[in-house]
Amino acid sequence: MGVSMATARTWVERWERQQELYAVDREERFTVIADVVERTIAGRTSPLLLDLGCGPGSLAARLAARLPRAEIVAADMDPVLLELARTHHADAARYVDTVIGADGWTHTLGLDRPLDAAVSTTALHYLSEPVLLRTYRSLASLLRPGGVLVNGDHFPPEAPSCADLTAHVGRCRSERTGGHAREDWRSWWDAAAREPELADLLDERRRRHARHSGGGGDEQVPVSRHAALLRRAGFAHVTPVWQFGDSTVLVAVMGDE
């Protein structure tokens, strides 16, 4: 079910362009995540990072370029995006096929030491609160003292009127900065369905989504609830370090020993 380098490059580049419509100041958000990780791993000779919901390797590739000493494990359940990542960003990370939040998912990661940082961007918002709590507890058990979870995602305020305003501001910003993108998420997948090299992977993707249907959805959990869940999971400190509209980089820090 592999794809050629040329095909992977084409579809990853198209993915990058269409994602600009959804992630407000996407490159800045990537940079802020890397800033936090760089600060956390300062002085460590071989830091270990986990990229949650890595997709086609967008964040992993940027972290690998910025932090060449780091070992990166990148996890996702989507066979299409994982294969694109393995082909186009082969040297950025070790890619793991797993369902984040499912029973035993951390065992599939093959970690041999505690994590220095876990990162994610626009990948955890589909998890329900019970699954989020379970996932956060799993991550807390994997991180070293002083390690961090850095999550860049859409975190609406609890008040509907405020959530409407932050979403509107974010949409306006995305349209100004990413409006040149000619396809959205849906049209990207529709076009990918016509790519012969992706046919087998797309069939597998449909089978997996059928097996896991009913457990996801866009939950839109407010940032205050994320913070509460993270503290319940064992993180000592939680703080946003960057925000535009409802796009936020939220950092959770493990306590020191």
Side-chain angles (χ1 to χ4, degrees), residues 19 21-26 28-30 32-33 36-37 50-55 58-59 74-78 81 98-103 105-106 115 117-143 147-174 184-186 209 212-255:
Q19 282 291 294
L21 291 173
Y22 303 103
V24 180
D25 282 350
R26 186 169 182 255
E28 179 66 14
R29 188 163 71 181
F30 283 141
V32 169
I33 292 171
V36 174
V37 174
L50 172 63
D51 181 5
L52 297 155
C54 65
S58 301
L59 178 55
D76 207 298
M77 68 165 285
D78 191 304
L81 300 182
T98 192
V99 180
I100 295 166
D103 291 341
W105 74 277
T106 58
L115 292 168
V119 300
S120 186
T121 180
T122 324
L124 301 182
H125 57 261
Y126 66 91
L127 299 179
S128 65
E129 285 199 25
V131 178
L132 267 176
L133 178 58
R134 187 165 68 242
T135 301
Y136 287 158
R137 282 175 171 157
S138 297
L139 293 169
S141 72
L142 296 176
L143 285 159
V148 296
L149 167 61
V150 192
N151 186 12
D153 212 330
H154 306 295
F155 298 110
E158 287 191 81
S161 58
C162 293
D164 180 68
L165 286 173
T166 58
H168 174 72
V169 169
R171 283 193 301 271
C172 290
R173 177 68 171 176
S174 292
D184 59 14
W185 186 88
R186 173 54 57 194
H209 278 239
H212 296 287
S213 63
D218 197 335
E219 296 293 323
Q220 292 294 299
V221 178
V223 68
S224 59
R225 288 297 300 149
H226 277 275
L229 293 171
L230 286 160
R231 292 188 179 96
R232 284 179 60 191
F235 288 88
H237 310 286
V238 183
T239 186
V241 295
W242 178 89
Q243 180 180 3
F244 197 106
D246 60 8
S247 183
T248 302
V249 175
L250 189 65
V251 179
V253 185
M254 294 300 298

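Quick note: residue numbers are just sequence positions, from 1.
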**Request:** Go through the steps for Val150 and Val249 under the test side-chain contact (heavy atoms from CB on, under 4.5 Å), then give the verdict.
**Result:** CA-CA 7 Å; Val150 192; Val249 175; 3.6 Å; yes
**Prompt:** Any sub-3.5 Å donor-acceptor pair from Ser141's side-chain atoms to Ser138's backbone N or O?
**Reply:**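 Pair found, side chain donor or acceptor close to backbone of Ser138.
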**Message:** Using modelled atom types and a 3.5 Å cut-off, is there a donor and acceptor pairing between side-chain atoms of Asp25 and backbone atoms of Glu28?
**Reply:**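 No; zero donor-acceptor contacts below 3.5 Å.
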How long is the straight-line distance from [atom2] of [Y] back to [atom1] of [X], given to the nearest 0.5 Å?
X	Y	atom1	atom2	answer
Arg137	Leu142	CZ	CG	14.5 Å
Leu52	Thr121	CG	OG1	11.0 Å
Leu132	Leu230	CG	CG	8.5 Å

Does any non-hydrogen side-chain atom of [Y] lie less than 4.5 Å from one of [X]?
X	Y	result
Val241	Val36	yes
Trp105	Val99	no
Val251	Val253	yes
Leu50	Leu139	yes
Thr122	Arg29	yes

**Request:** Could you walk me through whether Ser224 and Phe155 pass side-chain contact (heavy atoms from CB on, under 4.5 Å), step by step?
**Result:** CA-CA 9 Å; Ser224 59; Phe155 298 110; over 6 Å; no
**Request:** Could you pull out all residues at least two apart from Arg134 that satisfy salt bridge (Lys or Arg N to Asp or Glu O under 4.0 Å)?
**Result:**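 Once residues adjacent in sequence are excluded, Arg134 has no partner under the salt bridge (Lys or Arg N to Asp or Glu O under 4.0 Å) criterion.
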Over all heavy atoms of both residues, which pair between [X] and [Y] is shortest? Give the atoms and the distance, please.
X	Y	answer
Asp51	Ser120	OD1-CA, 4.4 Å
His226	Val221	CD2-O, 3.2 Å
Gly55	Asp76	N-OD2, 2.7 Å
Thr166	Pro157	OG1-CD, 3.3 Å
Asn151	Leu124	ND2-CD1, 3.8 Å
Thr248	Pro240	CG2-CB, 3.8 Å

**Item:** Residue pairs fulfilling salt bridge (Lys or Arg N to Asp or Glu O under 4.0 Å) with at least one residue in residues 229-247, sequence neighbours excluded
**Value:**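 Listed by first then second residue: nothing to list.
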**Request:** Assign the ring pair Phe235 / Tyr136 to parallel, tilted or perpendicular, where the plane angle (0 to 90°) is split at 30° and 60°.
**Result:** perpendicular
**Item:** side chain to side chain donor-acceptor pair (under 3.5 Å) involving Arg225 - partner list, sequence neighbours excluded
**Value:** Glu129
**Request:** Decide yes or no on side chain to side chain donor-acceptor pair (under 3.5 Å) for Arg26 and Ser58, but give the supporting numbers first.
**Result:** CA-CA 11 Å; Arg26 186 169 182 255; Ser58 301; 3.3 Å; yes
